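Have a look at the structure below, then the notes.
All ligand and atom numbering here is 1-based and tracks the order in the structure. Please read all numbers here as calculations on a predicted model, not as lab measurements. Quick note: residue numbers are just sequence positions, from 1.
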Amino acid sequence: MKCRACNTPIEPFMSFGRMPLANGFLTAEQIPTEEFYNLAPAVCPQCSLFQIMEQPMPDRMFHSQYPYYTSNSMAMQKHFEAFANKVKERDPLFVIELGCNDGTMLRHFKDIGHLGIEPAANVAKVAIERGCNVIQGFFDHKFAQSIIGSDVNAVVAANVICHVADLPDLAAGVRAVLKDDGLFIFEEPYLPAMLNRNSFDQVYDEHVFMFSASSVRNAFSRYGLYLMDCEPQWAHGGSMRYTLGKQRDRMTDRAVDRLLLEAVLHQPGTYQQFKQNVERAKQQLRSTIIGLTKISQKRVVGYGATSKSTTVLNYCELTPDDIEYISDTTPIKQGKLSPGVHIPVKPYSEFQNNPPDVALLFAWNHREEIMAKETGFAGKWLNYVPGVSLT
Ligand code: TYD
């Protein structure tokens, strides 16, 4: 296979094995037709872009039953309001948000020209009900032709660009809609944060890429979008917000420093180390859970039916024998089974009314918000990011 950005041949450095769709929560009747693919990451030796080798078809992942609603977390609501305010400091005339989900960020642009583009019909509908202008569909170069002519001086996205496998086409579309002085500002989970914290559950079908400043600069400059700035963000356990423009050589000192800091990403040993860390985490998590349930007879329940949990549960071969159920606040996930290993997803009220001995924290990226809410929980928390621990 070839690198999606620069066409250099790439090879996977490890495999997580056969994997279902990360957000493919399903009913018992749907089990016989459940889809699987092989989850194996690779790093391009030329442009250092971290990517997965195989990705299911986008319309299998982003559809009318897409279970991810950005507004589910209060902290993320505040984060996206701050993101929007930062963009508005530049007095944009017209803002396009790619993958606007339920309008959590887009609604803050309602007082200026704005357009959201969102493929998942159910979440797009919520954004429209919130008074946002939204077109349901996938953004690509062809789509971009239909909106050229608006005074678009900002294209923004959050946790979306890493979902789009055809990066050259996406970049061509963004370049086509943006005015010459316009900016493309997007934030995504940050590869070095994943490597440092061993948050291997960030690797799943929707995350076709895990970006770094180096790979963003290398990949997008081929298509006429040049890295200007990057700002670290706390979201998703460590993200990076990138600002790109159409003119070369406008990089901030901060971006230059960041590129220098990322030298380790160009060494193959970095990924061999990650592979070993992931294998060790699997052994530790499995033995801890088996010790808790089979030896100490404790009840272990998952907290947050995240997309990330699909990688953990399937890679670590954890089943309903090990994890009684997963508690989640998202109505569309409740009453369903988790992808692949089929652990029941139950409403949060179940966790409140019948608390377990141990809660396995899948939604670790919302740790602060959750700990503030769960001061009354008398059980223990089982964590696997940054390492396996019982607290
Ligand atoms: P998220 O962290 O965005 O992860 P991913 O991108 O891996 O899907 O999803 C958080 C999930 O956790 C979501 O389904 C809602 C759920 N959740 C709770 O059940 N309780 C909470 O207090 C929070 C913050 C989230």
Side-chain angles (χ1 to χ4, degrees), residues 16 19-26 39 52 61-62 65-80 83 99 101-102 104-105 120 122-123 126 157-163 187-190 193-194 197 199-210 233-239 301-315 323 325-340 343-353 355-356 359-377 381 383-385:
F16 287 89
M19 205 47 76
L21 304 188
N23 264 316
F25 296 91
L26 73 175
L39 179 60
I52 56 172
M61 297 184 285
F62 309 108
Q65 298 289 306
Y66 188 59
Y68 185 79
Y69 289 78
T70 309
S71 55
N72 247 325
S73 153
M74 290 304 294
M76 292 306 280
Q77 288 194 32
K78 284 197 194 123
H79 175 72
F80 287 124
F83 186 168
N101 196 271
D102 58 11
T104 300
M105 173 148 75
N122 56 327
V123 290
V126 177
N159 309 308
V160 167
I161 307 306
C162 68
H163 292 183
E187 68 176 48
E188 309 287 325
Y190 184 48
M194 181 186 86
R197 310 187 73 204
S199 50
F200 64 92
D201 55 352
Q202 293 277 12
V203 183
Y204 60 88
D205 52 6
E206 294 177 19
H207 288 176
V208 64
F209 303 119
M210 280 298 286
Q233 307 293 322
W234 63 267
H236 292 290
S239 298
V301 156
Y303 196 104
T306 58
S307 348
K308 297 184 288 292
S309 70
T310 297
T311 297
V312 179
L313 291 166
N314 287 272
Y315 173 64
I323 316 271
Y325 66 89
I326 306 174
S327 159
D328 198 284
T329 50
T330 318
I332 200 172
K333 295 182 186 177
Q334 297 162 358
K336 301 231 172 101
L337 300 170
S338 75
I343 296 170
V345 180
K346 300 201 171 171
Y348 177 54
S349 54
E350 182 81 19
F351 185 88
Q352 287 174 304
N353 299 337
L360 171 52
L361 187 58
F362 287 126
W364 53 263
N365 46 317
H366 302 288
R367 184 189 302 275
E368 264 183 40
E369 183 172 349
I370 292 170
M371 292 307 140
K373 188 163 84 178
E374 299 299 351
T375 46
F377 175 54
W381 292 95
N383 314 286
Y384 56 91
V385 172

For Ile370, the ligand 1 atoms with a heavy-atom partner under 4.0 Å come out as 22 (O)

Residue, atom and distance of the protein heavy atom nearest atom 4 (O) of ligand 1 read Lys308 NZ, 3.0 Å

Asp201-Ser199 side chain donor-acceptor pair, cut-off 3.5 Å
no

Ranked by distance from atom 22 (O) of ligand 1, the top protein heavy atom is Lys373 NZ, 2.5 Å

| query | Where the side chain of Ser239 meets the backbone of Gln233, is there a donor-acceptor pair that is under 3.5 Å apart? | reply | no

_Between Asp102 and Ser71 (side chain of the first, backbone of the second, donor and acceptor by atom type, cut-off under 3.5 Å), is there such a pair?_
yes

Under 4.0 Å from one or more heavy atoms of Lys333, ligand 1 contributes atoms 13 (C), 14 (O)

for atom 13 (C) of ligand 1, nearest protein heavy atom and its distance come out as Asp328 OD2, 3.5 Å

Quick look: Asn365 vs ligand 1, heavy-atom contacts under 4.0 Å, and the answer is side chain

Logged contact type for Trp364 with ligand 1, heavy-atom cut-off 4.0 Å, is neither

Here the atoms of ligand 1 under 4.0 Å from any heavy atom belonging to Gly304 are 12 (O)

If you scan protein heavy atoms around atom 1 (P) of ligand 1, the nearest is His366 NE2, 3.6 Å

Tested for side chain to side chain donor-acceptor pair (under 3.5 Å) against Thr70, the lone hit among Asn101, Asn159, Thr104 is Asn101

Contact region, Thr306 to ligand 1, non-hydrogen atoms below 4.0 Å, reads both

Compute the centroid of each ring, for Phe377 and then for Phe351, and state whether the two points are separated by less than 6.0 Å.
yes

**Asked** Is the Tyr315 ring parallel, tilted or perpendicular to the Phe200 ring (thresholds 30°, 60°)?
**Response** perpendicular

Among non-hydrogen protein atoms, atom 5 (P) of ligand 1 lies closest to Ser307 OG, 3.2 Å

The residue among Asn23, Val345, Asn122, Val123 that forms side-chain contact (heavy atoms from CB on, under 4.5 Å) with Ile332 is Asn122

Flag, side chain of Ser307 to backbone of Ala22, donor-acceptor distance under 3.5 Å
no

min-distance protein heavy atom vs atom 18 (C) of ligand 1 -> Thr329 OG1, 3.4 Å

Worksheet entry | Any Phe362 heavy atom less than 4.0 Å from ligand 1 | no

Quiz item: Any donor-acceptor pair under 3.5 Å linking the side chain of Gln202 with the backbone of Met194?
Solution: no

